[in-house]
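Here, residue 1 is the first one in the sequence, and each next residue gets the next number. Atoms within a ligand are numbered from 1 in the order they appear, just like the ligands themselves. All values reported here derive from a predicted model rather than from experimental measurement.
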Amino acid sequence: MKTGKEYEESLRKLNLVVYLFGKRVENVVDDPIIRPSMNAVKLTYDLAAMPEYEDLLTATSHITGKKINRFTHIHQSKEDLVKKTKMERLLGAQTGCCFQRCVGMDALNALSITTFNIDKKYGTEYNKRFLKYLEYVQQEDLVCDGAMTDPKGDRSLSPSQQPDKDAFLHVVSEKEDGIIVRGAKAHQTGAVNSHEIIVMPTISMREEDKEYAISFAVPSDTKGITYIYGRQSCDTRKLEKGTLDRGNQYYGGHEALVVFDDVFVPWERVFMYKEYEFAGELVENFASYHRQSYACKVGVGDVLIGAAQVAAEYNGAAKASHVKEKIIEMNHLNETLFCGSLACALEGTKQPSGTFLVNTLLANVCKQNVTRFPYEIARLAQDIAGGLMVTMPSEEDLNSPEVGHWVKKYFKAVANVSTENRLRILRLIENITLGTAAVGYLTESMHGAGSPQAQRIMIARQVNMEEKKKIAKKLCGIEE
Ligand code: SF4
Ligand code: FE
């Protein structure tokens, strides 16, 4: 397994084409806007090397028997799925943001199932190719970006009906040694911190859409791939001299638009090619795994609840009964999210490939709660923090020889807490609920791994309504 330092060094060797604020980024790893997101991924390596986290962060490869990072593991049991949930909560709590590495893990697991199922129907060799690729990912301990979301153009039209054919990523031509693909994937979490991009279709497909029903993996610096970095609220605070106003001093997440401009993919890295009837299965399984993954939000919730409690103590309000009530409510909501992620893991089942898949109904219920509860937890945190969180002066004013003494005097609350520390904890709450980390904690909770309606459709489809009706009728004596 790689150490965090080796991971960082491996990224330096990549030749990524990244654009940020209209310019090509020369040094991606050290760019001040990007760097905190790399730090967060790096922690997935550093924690794996620490004895106290070894059980959650590492696993035994089912193909080589070697010790690997859990982010490259194919779940072999319910216990593996439970450890995944706990690992994600742990990392969310250690970083206070999105640590980005789960999408690749979820893509690998979904592909381990679907490549097997396609082969069973068509006698193809996708699973063999996939396992060879997986061994490479495990051996090199790589970060994979699981790329699913296409730009999608006009939502009322299917891929093949779009006026711009590239609205969904598709095959342009076929060669003897591989395929050429074109299109883009949007909102790609951790894309520029990844060694590999694993592409999957974004929706179920029909026969007329089959050139869009493709899945493959390419190195992230493959010729023809360009990354356009997504900006975040308050991101340029990372360019300022001081660091207090960033809130989170160390970590962050990121998303990017990834453009594939006629990219070549060799056949040995193609895992689905026009088997359109398997696109829906791959999407649903990936989405279910990723909906479980939102245990990460529970970890970020841990940070936010801790910050709200500290803010209450610093304000001198921690003993007020309504504040205590609000903290209880925040914990109740946060642990309910944890319950959902654990439940879908514990109800997981073995698939024909041997991979354990989460219970997809419960994974969707889990994610549906994630689209709501973090917003309520954030509301309560802001309630407890007070308005100063959004009206307080900058770090430079705090340290100004002219006005600094007033900032310190008038924003002083309890006697034994410095004004600086009070401002620090409020900036952290601001960061998670309004700043760069709110991308991951709030809007991504809403839309990541599918918008709320996507889960509601799955819930409607997966509950056994006939059975419920039958029991109700039986209990009241209806005989039809
Ligand atoms: Fe992982 Fe959560 Fe980030 Fe998704 S949002 S990649 S589950 S940390
Ligand atoms: Fe996500």
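Using a 4.0 Å cut-off to heavy atoms of K297, the atoms of ligand 1 that qualify are 5 (S). Counting atoms of ligand 1 from 1 in the listed order, those under 4.0 Å from a heavy atom of Y294 are 4 (Fe), 5 (S), 7 (S).
Taking the Fe ion (ligand 2) as reference, the nearest N/O/S atom within E444 carries the name OE2.
Rounded to 10°, the angle formed at the Fe ion (ligand 2) by OH of Y294 and NE2 of H290 is 90°.
Stacking of R231 on the aromatic ring of F21 is not recorded, the 6.0 Å distance cut-off and the 45° axial limit not both being met. By the 6.0 Å and 45° rule, R269 does not stack over the aromatic ring of F130. Within the cation-pi definition used here (under 6.0 Å to the ring centroid, within 45° of the axis), K297 qualifies as a partner of Y294.
By the criterion of a separation under 2.8 Å, the protein N/O/S atoms near atom 3 (Fe) of ligand 1 amount to C98 SG.
Just one residue in the list S37, S194, C296 forms a side-chain contact (heavy atoms from CB on, under 4.5 Å) with Q100, and that residue is S37. Checked against V265 for a side-chain contact (heavy atoms from CB on, under 4.5 Å), the options T222, I179, V199 give a single hit: I179. Between T44 and the options Q94, R101, R70, K2, a side-chain hydrogen bond (donor to acceptor under 3.5 Å, both in side chains) holds for only R101.
Between K5 and D46 there is no salt bridge, since none of the side-chain N atoms of the basic residue sits less than 4.0 Å from a carboxylate O of the acidic one. A salt bridge links E8 to R35: one of the charged nitrogens lies within less than 4.0 Å of a carboxylate oxygen.
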